[in-house]
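The next block holds one structure in the form of structure tokens; read it before the comments.
Starting from 1, each residue takes its place in the sequence as its number. Values in this document were obtained by computation on a predicted structure and should not be read as measured data.
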Amino acid sequence: MHCMYIMGKTGDKELAILLMALQLACKATSRACNKAGIAMLFGLAGEVNSTGDDQKKLDVLSNEIFIDALTNCGACSILVSEENEEPIFVPQEKAGRFVVAFDPLDGSSNIDCNVSTGTIFAVYEKTSDKPATVDDILRTGNDIMVAGYCMYGAATELVITFKGHGVHRFTLDPSLGEFVHIQAHIAMPEGGGKKIYSCNEGNSANWDAAIKSIIAKWKDPVKPYAARYVGSMVSDVHRTILYGGVYLYPADAKSPNGKLRVLYEGFPMAFIMEQAGGAASCGLFKGKLQRLLDIVPKTIHEKCPVVIGCHRDVEAVLNEYKLLGLA
Ligand code: AHM
Ligand code: MG
């Protein structure tokens, strides 16, 4: 249903075809997640992906589903997937106007215990009529045209934003096999919403002084923030948008660029967060405080630190760097 909705809003038929392909791939991945136990789809596939992680069977299957849907829809020129070392060039006879970066199944560590996972994607328009090159995707996040994620949780939900048309929420109705539009123009709660911080605190010994200090402040003995961490970015960001608070995967002494990938994790989630009225930063990255969407990636699997959520909490993180004289 969302394709019709988007067609109605933008009148862009090729974009509607692309979104039709994306939603089909989300539905097929949702079905694979639902049936994983029965179909023996839990466990490792025996390969390692572009960033050196062990691939799960469902990582491989969902990646095939997305590549198949996107290369055959006629609307894409280049695909970048977390699971493929190199960009995928769509054959010229099937090539279209868009380039897409995606993580087909994010939250791999949660697959085998049936905790929610998700797909994350960002869509750009090619910069010229010539055949696309990798430069069509190595651009700032400000150039994103459409970003979205699909969460495979208690229900399958698709959240999508297309520049200037707000953030929209759809739930898969399994009996109909369709995404039903359930909420238009999602906005972060007024004033920042619930006081929740979400991060892997197991890494705290290696964080910089500002991150350590702001998290310590949020453990106020009288009015503490709540800590919530699923460990699947899609679920943690989804909760942050709907309830409020902040999600962080900061840089640390062991991983100076953080863990999350710019093109298919950082950028799309930052874009959605800003479109929903929130903020997205890297914190202190390469010597300065940086807005996440302003990064210009040089390689397709590059990483960046992520601090995204309501203005109240993202600005508290940035202020902490200033208070400590680090920025
Ligand atoms: P993945 O692409 O290997 O699944 O890693 C991305 C995930 C995010 O969804 C999540 O926020 C983060 O990695 C969790 O990492 P950690 O297990 O280090 O807390
Ligand atoms: Mg992943």
| task | Determine, using the 4.5 Å side-chain heavy-atom cutoff (strictly less than), whether Phe271 and Val246 are members of one ILVMFWY cluster. | result | no

| Are any of the side-chain heavy atoms of Asp112 and Lys56 separated by less than 4.5 Å? | yes

| query | For atom CZ of Arg228, is the number of surrounding heavy atoms from other residues, nucleotides or ligands below 6.0 Å larger than 12? | reply | no

| said: Count I, L, V, M, F, W, Y as connected when their side-chain heavy atoms are under 4.5 Å apart, and connections chain through other members. Are Tyr249 and Leu105 then in the same cluster? | reply: no

| message | Over 60° means perpendicular and under 30° means parallel, so tell me whether Phe170 and His168 are parallel, tilted or perpendicular. | response | tilted

| message | Quick check on the hydrophobic clustering: are Val230 and Ile241 connected, directly or via other members, by side-chain heavy-atom contacts under 4.5 Å? | response | no

| request: Ignoring hydrogens and angles, state whether a donor on the side chain of Asp106 or Tyr264 is under 3.5 Å from an acceptor on the partner side chain. | output: no

| field | Rounded distance (nearest 0.5 Å) linking atom CZ of Phe121 with atom OG1 of Thr119 | value | 8.0 Å

| query | Just by modelled atom types, is the Leu61 backbone N or O under 3.5 Å from a matching donor or acceptor in the Lys57 side chain? | reply | no

| query | Can you name the closest pair of heavy atoms from Pro305 and Leu292 and give their distance? | reply | O-CD1, 4.0 Å

| field | Greater than 12 external heavy atoms within 6.0 Å of Tyr243's OH | value | no

| query | Who else is in Leu24's hydrophobic cluster (ILVMFWY, side-chain heavy atoms under 4.5 Å, direct or via others)? | reply | none

| field | Straight-line distance of Tyr229 OH to Arg239 CZ, nearest 0.5 Å | value | 10.5 Å

| Roughly how far, to the nearest 0.5 Å, is the CG atom of Leu242 from the NZ atom of Lys194? | 10.5 Å

| Quick one: does Asp313's side chain get under 4.5 Å of Trp218's, heavy atoms only? | yes

| request: Please answer: with hydrophobic residues joined when any side-chain heavy atoms are less than 4.5 Å apart, are Val159 and Met273 in the same cluster? | output: yes

| Is Leu79 reachable from Tyr124 through a run of I, L, V, M, F, W or Y residues, each pair having side-chain heavy atoms under 4.5 Å apart? | no

| field | Exercise: do Asp294 and Thr140 side chains pair donor with acceptor under 3.5 Å | value | no

| Less than 4.0 Å between a side-chain N and a carboxylate O, is that true for Lys195 and Asp220? | no

Which pairs of donor and acceptor atoms, one on a side chain in residues 65-75, lie under 3.5 Å apart (sequence neighbours left out)?
{"from": "Asp68", "atom 1": "OD1", "to": "Asn72", "atom 2": "ND2", "distance (Å)": "2.9"}
{"from": "Thr71", "atom 1": "OG1", "to": "Ile67", "atom 2": "O", "distance (Å)": "2.6"}
{"from": "Thr71", "atom 1": "OG1", "to": "Asp68", "atom 2": "O", "distance (Å)": "3.4"}
{"from": "Asn72", "atom 1": "OD1", "to": "Lys94", "atom 2": "NZ", "distance (Å)": "2.7"}
{"from": "Asn72", "atom 1": "ND2", "to": "Asp68", "atom 2": "O", "distance (Å)": "2.9"}

| said: Ignoring hydrogens, what is the shortest heavy-atom contact between Leu260 and Tyr247? Give both atom names and the distance. | reply: CD1-OH, 3.6 Å

| field | Contact check, side chains of Phe267 and Ile295, non-hydrogen atoms, under 4.5 Å | value | yes

| query | Taking 4.0 angstrom as the limit, do Glu125 and Lys163 come out as a salt bridge? | reply | no

| query | Can you tell if the side chain of Lys219 reaches within under 4.5 Å of the side chain of Tyr197, non-hydrogen atoms only? | reply | yes

| message | I'd like to check Ile300 versus Leu138 (side-chain heavy atoms, cut-off strictly below 4.5 Å). Are they in contact? | response | yes

| Between the main-chain N or O of Glu85 and the side-chain N or O of His301, is there a donor-acceptor pair closer than 3.5 Å? | yes

Mind listing the side-chain donor-acceptor pairs of residues 28-40 below 3.5 Å, one per line with the distance, residues two or more places apart or on another chain?
{"from": "Thr29", "atom 1": "OG1", "to": "Ala25", "atom 2": "O", "distance (Å)": "2.8"}
{"from": "Ser30", "atom 1": "OG", "to": "Thr156", "atom 2": "OG1", "distance (Å)": "2.7"}
{"from": "Asn34", "atom 1": "ND2", "to": "Ser30", "atom 2": "O", "distance (Å)": "3.3"}

